Number of protein chains: 2
Amino acid sequence: MTRKSGVALWRQIADQIRQAVSAGTLGADGRLPPEMVLSERFGVNRHTLRSAIAALVQEGVLRAEQGRGTFVESRQKLSYPISARTRFSTGLRSQTRDRRSILLAHAVEQASQRVAEGLGLAEGAPVVRLETLSEADERPVSRATSWFDAERFPGYAEAYAETGSITLGFQSYGIEDYFRKSTLVSARHADAADLADLKLSAGAIVLVAVAVNVDTQGLPIQYAETRFVADRVELSVSTEAQ
Amino acid sequence: MTRKSGVALWRQIADQIRQAVSAGTLGADGRLPPEMVLSERFGVNRHTLRSAIAALVQEGVLRAEQGRGTFVESRQKLSYPISARTRFSTGLRSQTRDRRSILLAHAVEQASQRVAEGLGLAEGAPVVRLETLSEADERPVSRATSWFDAERFPGYAEAYAETGSITLGFQSYGIEDYFRKSTLVSARHADAADLADLKLSAGAIVLVAVAVNVDTQGLPIQYAETRFVADRVELSVSTEAQ
DNA sequence: TATAATTTGTTCGTATGTATT
DNA sequence: AAATACATACGAACAAATTAT
């Protein structure tokens, strides 16, 4: 194993273990092999391997018990559906008990070129911006920034704050139904803000979904950029029966 | 900025710059501020900043010219459509001139539980495995592992090698049309094999798409796991008009 | 054209973190 | 626990290429 890549050896090993565990090629029975075995398998010193395990214990991926062994903390990935009927609030309801969204901040601002394009507005048009955080089982899952046309939805932030839901927020403006038009999915390292909001450690990955929702007439009503914690979430695209 | 996180300072800075550039908050005019300015802005020594820039130059994100400055190499992301009619070969045709797929290896093996489930076969049933690499403009874009029912498609690897296309390979078995049934999208750090095949540097991210294709009767005919270079690819999900 | 200013590239030295033995 | 080797980070100065005056 080489160093010099800018990533310490213990973190490289930690990443490999995290991945092998999630792929099921390591600790499939819930238990990791002894440190000596692992250190030989990865070709590193036991000290280095222990640093990696310590980091994963800190992250909540593993649990080490003196004299017994190291165990996998079961953490199934949340599967987030993406379809024409995608709703941010309903997608994960069945998979987790305690799920909630938190409104971190909101403001009225001028639409950037990107936002204006997504909402079909002129650049600089007034838009409402919502910053929200979603948690499942007491742990952060996603961090979203949404924009709405401020002329059509004045005070949308308040409507959202009262109802606690995007869908219910729209209902107070007479919108009974809406559809997901498009979703662009990419992935990148979490930035400083994401690291703080989503309580991640350096080097963590976020899945980024840029989505446009439209009303029944096909007019854009929401432009959103959601950052999902890649370790905890997968996106499920169903394309059958069209 | 802290060290000791297991990720070198220069790499943290590199990640920040890469992201700021792609977000347009840095080098929007195609030119980066001088090293002295950047090193002060990020609160690091000029050496450290230069290491970060060197890594991004190596990656192809930036270009440095002595005496002139450091410039942004425009590299638009390839947008890969995901829909019921998704074809691996046709998706990117319009966005790039030189695109090709390379068959790295193939074998007949016994279906693992995961593969068997995807193809609707019994665990241990014989399957054909294809290892392929896709390039666009001389650079690796994706690395895929595909499985096919060996009883229904004996010698599929040869059919693929001759035609150079999944779609044409199916045609030699009388399958004129097929559909993408489902796609699971996740993201992770590239593993050692991905780093080598996709010519990436440590810490790089891959978008993983696990897909099932079905024939017109709805029977699974292909189970595939594709790793896309996250820096170069975004997945585009269209969900309108259902 | 000549010179100064700007900007990237290189070379010292020193201190600390990381990994192995 | 200690010794050793390498990678990372900072500081200062100088060299080389380009641009502005």
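Treat the numbers as computed from the prediction; the structure is a model and nothing was measured. Protein chains get the first letters and strands the later ones, always in sequence-line order, with residue 1 at the start of each.
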Asks: Any Lys/Arg nitrogen of Asp194(B) or Arg188(B) sitting under 4.0 Å from an Asp/Glu carboxylate oxygen of the other?
Replies: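 A salt bridge links Asp194(B) with Arg188(B).
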
Asks: What integer distance in Å separates Arg11(B):CZ from dT18(C):C1'?
Replies: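 To the nearest whole Å, that distance equals 16 Å.
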
Asks: Side-chain contact test, heavy atoms from C-beta onward, threshold under 4.5 Å: evaluate it for Phe148(A) versus Leu119(A) and give yes or no.
Replies: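 Of all side-chain heavy-atom pairs linking Leu119(A) with Phe148(A), none is under 4.5 Å.
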
Asks: Using a cut-off of strictly less than 4.0 Å, decide whether Arg68(B) has a side-chain nitrogen or oxygen near OP1 or OP2 of dT19(D).
Replies: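 Arg68(B) to dT19(D) OP1/OP2: side-chain N or O found under 4.0 Å.
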
Asks: Tell me if the side-chain of His47(B) makes a donor-acceptor pair with the base of dT10(C), cut-off 3.5 Å, by modelled atom types.
Replies: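 Not at all, since no donor on one side and acceptor on the other fall under 3.5 Å apart.
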
Asks: Is a salt bridge present between Lys77(A) and Glu234(A), judged by a nitrogen-to-oxygen distance below 4.0 Å?
Replies: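 No.
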
Asks: Counting side-chain heavy atoms from C-beta on, which of dT7(C), dT8(C), dA19(C) comes nearest to Glu35(B)?
Replies: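 From the listed options, dT8(C) comes nearest.
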
Asks: For the pair made of CH2 in Trp10(B) and P in dT8(D), what is the distance, rounded to whole Å?
Replies: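 My rounded result for the distance is 6 Å.
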
Asks: Rounded off to whole Å, could you give me the CD1-to-C1' distance for the Ile53(B) and dT7(C) pair?
Replies: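 Spelled out: CD1 on Ile53(B) to C1' on dT7(C) is 11 Å.
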
Asks: Could you state the CZ-C1' distance from Phe42(B) to dT8(D), rounded to the nearest angstrom?
Replies: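 Nearest whole value for this atom pair: 18 Å.
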
Asks: Is any side-chain nitrogen or oxygen of Arg50(B) closer than 4.0 Å to OP1 or OP2 of dG9(C)?
Replies: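 Affirmative; the distance criterion is met.
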
Asks: Under 4.0 Å between a side-chain N/O of Asn45(A) and OP1 or OP2 of dA19(C), yes or no?
Replies: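 Asn45(A) to dA19(C) OP1/OP2: no side-chain N or O under 4.0 Å.
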
Asks: Counting only side-chain N and O atoms of Ser51(A), is one of them less than 4.0 Å from OP1 or OP2 of dA19(C)?
Replies: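 For dA19(C), OP1/OP2 do not have a side-chain N/O of Ser51(A) under 4.0 Å.
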
Asks: Which is it for Ser39(B) and Arg50(B) under the side chain to side chain donor-acceptor pair (under 3.5 Å) test, yes or no, and what are the steps along the way?
Replies: CA-CA 9 Å; Ser39(B) 63; Arg50(B) 282 178 55 76; over 6 Å; no

Asks: Would you mind reading off the distance between Leu32(B) atom CG and dT7(C) atom C1', rounded to a whole angstrom?
Replies: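 These atoms are roughly 13 Å apart.
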
Asks: For Leu62(B) and dG9(C), give me the distance from atom CG to atom C1', rounded to whole Å.
Replies: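 After rounding, the reported distance stands at 16 Å.
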
Asks: Applying the Watson-Crick and G-U wobble criteria at under 3.5 Å, what pairs with dA1(D)? Answer none if nothing qualifies.
Replies: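 With both distances under 3.5 Å required, dA1(D) matches none.
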
Asks: Give a yes or no answer on whether the side chain of Arg129(B) reaches the backbone of Val127(B) with a donor-acceptor pair at less than 3.5 Å.
Replies: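 Judged by distance alone, no pair lies under 3.5 Å.
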
Asks: Could you tell me how far apart Met36(B) (CE) and dG9(C) (P) are, to the nearest whole angstrom?
Replies: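 Rounded to whole Å, this separation is 15 Å.
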
Asks: Taking the nucleotide of DNA chain D with the closest heavy atom to each, which residue, Gly67(B) or Leu49(B), is nearer the 5' end?
Replies: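 Closest to the 5' end, via its nearest nucleotide, is Leu49(B).
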
Asks: Give the nucleotide from the list dC10(D), dT8(D), dG9(C) with an atom nearest to the side chain of Val44(B).
Replies: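 Among dC10(D), dT8(D), dG9(C), the one nearest the side chain of Val44(B) is dC10(D).
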
Asks: Can you check the Leu9(B) CG to dG11(D) P distance for me, whole Å?
Replies: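 After rounding, the gap between these two atoms is 12 Å.
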
Asks: Ignoring backbone atoms, test whether Thr48(B) places a side-chain nitrogen or oxygen under 4.0 Å from the OP1 or OP2 oxygen of dA9(D).
Replies: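 For Thr48(B), the contact criterion (side-chain N or O under 4.0 Å from OP1 or OP2 of dA9(D)) is not met.
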
Asks: Among dT8(C), dT20(C), dT7(C), find the nucleotide with the atom closest to the side chain of Arg31(B).
Replies: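 From the listed options, dT7(C) comes nearest.
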
